[in-house]
Amino acid sequence: MNAELGQADSATEPVLEATDLVKHFPIQRGIVVKRTVGRVQAVDGVDLRLHAGQTLGVVGESGCGKSTLAKLLVGLETPTSGSIKVLGREIGNLSSRRIRPVRRDIQLVFQDPYTSLNPRMTVGDIIGEPFEIHPNVVPKRERAGEVKDLLDMVGLSPDHINRYPHQFSGGQRQRIGIARALALRPQVLVCDEPVSALDVSIQGQVINLLKRLQAELGLAYVFIAHDLSVVRHIADEVAVMYLGKVVERGTGPQIYDHPRHPYTQALLSAVPVPDPDLRGHREEIILQGDVPSPINPPSGCRFRTRCWKAEEQCAEVVPTLQVGDNGTHPTACFFAEERDVTHAVK
Amino acid sequence: MVSTPQVVGDTLPGADLNAPLLEVEDLKVEFRVRGKRVPAVRSASFTLERGRTLAVVGESGSGKSVTSQAVMGILDSPPAYITGGEVRLQGVDLLKQNEETRRTVRGNHIAIVFQDALSALNPLWSVGFQIGELFRVHRGTGRAEAKKRAIELLDLVGIPDAKNRVGHYPHQFSGGMRQRVMIAMALALDPEVLIADEPTTALDVTVQAQIMRLLKSIQEERHMGLILITHDLGVVADVADDVAVMYAGEVVERAGIRDAFKRPAHPYSKALLRAIPRVDTLGQELEVIAGLPPNPASLPTGCPFHPRCKAAEDRCAEEAPPLAAVAEGHTSRCHFAMEVYRDER
Ligand SMILES: Nc1ncnc2c1ncn2[C@@H]1O[C@H](COP(=O)(O)OP(=O)(O)OP(=O)(O)O)[C@@H](O)[C@H]1O
Ligand SMILES: Nc1ncnc2c1ncn2[C@@H]1O[C@H](COP(=O)(O)OP(=O)(O)O)[C@@H](O)[C@H]1O
Ligand code: SF4
Ligand code: SF4
Ligand SMILES: [Mg+2]
Ligand SMILES: [Mg+2]
């Protein structure tokens, strides 16, 4: 293949594509003879595509499968079924040894900067660790310099190379995690709640850093978060998850300004806006109860136990992502209907 | 204004019903660890009236929880020492009361709901027993009656099927339901002041909305004073009447809700408001507050915000600014408070 063709390909082909991705965790009982008594349907039929330089936001409540999805995408979990392609190469069914070269191209930034860094390793060793695993990327004698460049890139002083994680604040540790993820010059970063554990004033620093790196390096991000305000700020496209399934998918304006799925609407209406003048002027949808267990999710539409629009059909048939009559964005609801819950209405 | 609160149980001796419900004035708390003094709260001042919600906001480590624990009288000493200030409940300085009086105040007059309901509840006892215990100990209520009251409370806070759930243990409840149980316990003895320390931080946003609505409706119904400690300015905008902003152990700004958001008079509050993304607008670049919140063990000289402050001048590194009024009911601890308030700085 000549270079030009390759480039044209990468401009149109997604850097990351998942098709009908499923991850079920068996629940086993018994000490000697284990038998499977059920399955946690953590991720259940997720499709996604991501292009170079773009950010896909994934939002949803605790336990809806966001972290499991993240681990599947970077090869830390093996899918029960379905396909994952990174730069066109299938990784869903590779053995861990054969995944390794592909893994270079897609890296994970963890949620918790407090526990994801080994406390006994220096920052230099943490960031340089990927070079040990992929020894051909950077020659040994250039590694220290490369680590210093990475520290500089994420806004940390290269002089701190010999310090330990506990000597850094939460925001700084998250920068270390980002530097480590960038070491192998990946094309895709999967960020699992990268700012959730940080203070507001520090969140902005890390978000702006991610945006700058994206502009400079042409990175694509899967940005997972439960904070819908943060995702609005960083994502080009957004997928809303509920109990292992994507229930609505669209561009930022489609999801935030024209949501069509009742769950998306409830989620958005629950996010408070920092403006006292809007108090009492936004739609208020208060859902009943909590998210049900993914072990035996409700039949049909998984949201039906909390949905105010549910009808008989919802318990019997599983709604799939469908575009509306006038070509609106894909929504998995039989009664999808646009409703602005984000802005002041009254 | 609606009449006096119901003071059930023991009335606080010397209480003046015309005094503000709760006044904290120049409260100071330090920790003494290995011979070092760490000033966790250096000057906390605020006033809470009946039927109102005061939001205390600030980043982690700014002293919000230590302040609320000092008000509740539940700080462990050692290592914590209250080194100054007053905490007046209806005019009575609680810091001057003996432990027995303070025990009466806890639960009866001031109650607290923590962020982490699981560790605040006893895992070995059913939630019904734990709520009932409050009635038995403080009110001498009999077993059957206490259980009945526990069921009523669980019902009040929206636990479905309270009759059966009363015998369940904390781990059998979801995060949101446990927080409801915590609220039920806090309400048991009908306090006039409820402190909620990050009550929804660990919860999902749809559950947060449920809990905030519950807190708000109970507060209005009972005409309680609510202190809501949070770092979520969205929640503040939704429910608070007044706001106190803490930074490095000090209340650096106090204002009514509208002024707090529309006319901040402290550079820290102003920067914070510009640093948060909003769900209803596609923001521009977020304003970044450079640097880190200070470590209370080694605070910057002068104004503790000066290393991060865009408005700082030379004197800020030398002189600590006093708390100054910029308008009726609006104070700020900044040398240039008036200019910031007028948006000239
Ligand atoms: N290794 C595992 N074995 C069994 N169940 C699992 C495993 N990992 C995750 N799960 C379950 O799968 C579901 C989805 O979990 P996941 O961690 O992906 O959720 P999440 O959306 O990331 O939640 P949070 O917002 O709390 O981080 C949960 O019910 C979880 O308990
Ligand atoms: N038991 C303790 N011993 C020593 N320092 C403490 C203790 N508890 C809190 N602190 C310190 O007091 C300061 C204020 O803490 P806290 O009130 O919990 O902050 P916030 O609730 O605003 O996040 C922090 O610097 C914290 O480290
Ligand atoms: S399919 Fe039915 S239950 Fe599901 S979201 Fe739509 S209306 Fe609600
Ligand atoms: S006193 Fe100076 S440093 Fe402190 S907030 Fe005001 S301008 Fe900034
Ligand atoms: Mg997760
Ligand atoms: Mg706290």
Side-chain angles (χ1 to χ4, degrees), chain A residues 59-64 168-172 197-209 211 226-234 252-253 256-257 263 266-280 282 284-291 293 306 340-344, chain B residues 57-62 158 160 173-177 202-210 212-214 231-241 243 256-262 268 271-293 295 308:
Chain A
V59 300
E61 292 177 282
S62 187
C64 72
F168 293 88
S169 70
Q172 289 171 326
L198 306 178
D199 266 317
V200 201
S201 79
I202 309 302
Q203 282 190 4
Q205 295 175 5
V206 174
I207 291 170
N208 287 352
L209 169 68
K211 284 189 147 186
H226 65 265
D227 185 331
L228 284 99
S229 309
V230 169
V231 170
R232 163 151 222 177
H233 198 79
I234 195 166
Y256 286 90
D257 301 333
Y263 178 61
L267 210 52
L268 285 170
S269 98
V271 181
V273 173
D275 182 349
D277 287 351
L278 300 186
R279 192 187 289 182
R282 290 172 70 228
E284 193 179 24
I285 304 171
I286 302 277
L287 289 181
Q288 300 302 309
D290 300 304
V291 184
S293 157
R306 299 169 86 198
D340 184 358
V341 290
T342 311
H343 306 95
Chain B
V57 302
E59 295 178 86
S60 65
S62 59
F173 291 83
S174 69
M177 287 296 159
L203 304 176
D204 276 319
V205 60
T206 61
V207 182
Q208 164 173 295
Q210 296 168 359
M212 285 317 304
R213 175 188 260 197
L214 172 71
H231 60 264
D232 186 334
L233 293 174
V235 171
V236 175
D238 244 8
V239 302
D241 301 303
V243 180
I257 183 71
R258 221 176 161 271
D259 250 22
F261 281 81
K262 302 294 174 179
Y268 173 65
L272 211 51
L273 284 167
R274 291 185 185 156
I276 44 171
R278 292 171 60 135
V279 78
D280 61 338
T281 51
L282 191 56
Q284 319 73 25
E285 181 98 335
L286 295 178
E287 180 164 320
V288 161
I289 304 177
L292 303 171
N295 175 353
R308 308 175 76 191

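Since the structure is predicted, the reported quantities are computational estimates derived from the model, not experimental observations. The chains referred to below are lettered A, B, ... by the order of the sequence lines, with proteins before strands, and numbering in each begins at 1.
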Side chain to side chain contact (heavy atoms under 4.5 Å, CB included) evaluation trace for E287(B) with L273(B): CA-CA 9 Å; E287(B) 180 164 320; L273(B) 284 167; over 6 Å; no

Working for side chain to side chain contact (heavy atoms under 4.5 Å, CB included), residues Y256(A) and L228(A): CA-CA 9 Å; Y256(A) 286 90; L228(A) 284 99; 3.9 Å; yes

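Proximity to chain A (any heavy atom under 4.5 Å) is shown, for R258(B), by both the backbone and the side chain. Residue contact with chain B, scored on non-hydrogen atoms closer than 4.5 Å, involves the backbone of Q288(A) exclusively. For a residue to count as touching a neighbouring chain, one of its non-hydrogen atoms must lie under 4.5 Å from one of that chain's; by this rule V236(B) touches chain A with the backbone only. For a residue to count as touching a neighbouring chain, one of its non-hydrogen atoms must lie under 4.5 Å from one of that chain's; by this rule D275(A) touches chain B with backbone and side chain alike. Looking at E59(B), the atoms closer than 4.5 Å to chain A (heavy atoms on both sides) sit in the backbone and in the side chain alike. Neither the backbone nor the side chain of A271(B) comes within contact range of chain A, judged by heavy atoms closer than 4.5 Å. Interface remark: I207(A) contributes side-chain atoms only to the contact with chain B (heavy atom separation under 4.5 Å). Residue P160(B) does not touch chain A at all, counting heavy-atom pairs closer than 4.5 Å.
Across all their heavy atoms, D238(B) and R279(A) have their closest contact at O-NE, 2.8 Å. Of all heavy-atom pairs spanning R282(A) and V341(A), the tightest one is NH2-O, 3.7 Å. Shown here for V206(A) and G171(A), the closest heavy-atom pair between the two residues is CG2-O, 4.3 Å.
I276(B) is not listed as a side-chain neighbour of S229(A), based on a closest heavy-atom distance of 4.5 Å or more. Side-chain contact between D277(A) and F261(B): absent, with no pair of heavy atoms (C-beta onward) separated by less than 4.5 Å. Looking at heavy atoms from C-beta onward, L267(A) lies in side-chain contact with E61(A) at the 4.5 angstrom threshold.
No other option in D257(A), I202(A), V200(A), N208(A) has as many heavy-atom pairs under 4.5 Å with chain B as N208(A). Most heavy-atom pairs under 4.5 Å with chain B: of the set I286(A), I285(A), T342(A), this distinction falls to I286(A). Heavy-atom pairs under 4.5 Å with chain A peak, among L233(B), V207(B), V205(B), at V205(B). Highest contact tally toward chain A, considering only S174(B), A275(B), P293(B), is held by S174(B) [criterion: heavy-atom pairs under 4.5 Å]. Contact tally against chain A (heavy-atom pairs below 4.5 Å) for Q208(B), Q210(B), R308(B): the top residue is Q210(B).
A donor-acceptor pair under 3.5 Å is absent between the side-chain atoms of D280(B) and the main chain of H343(A), judged by distance alone.
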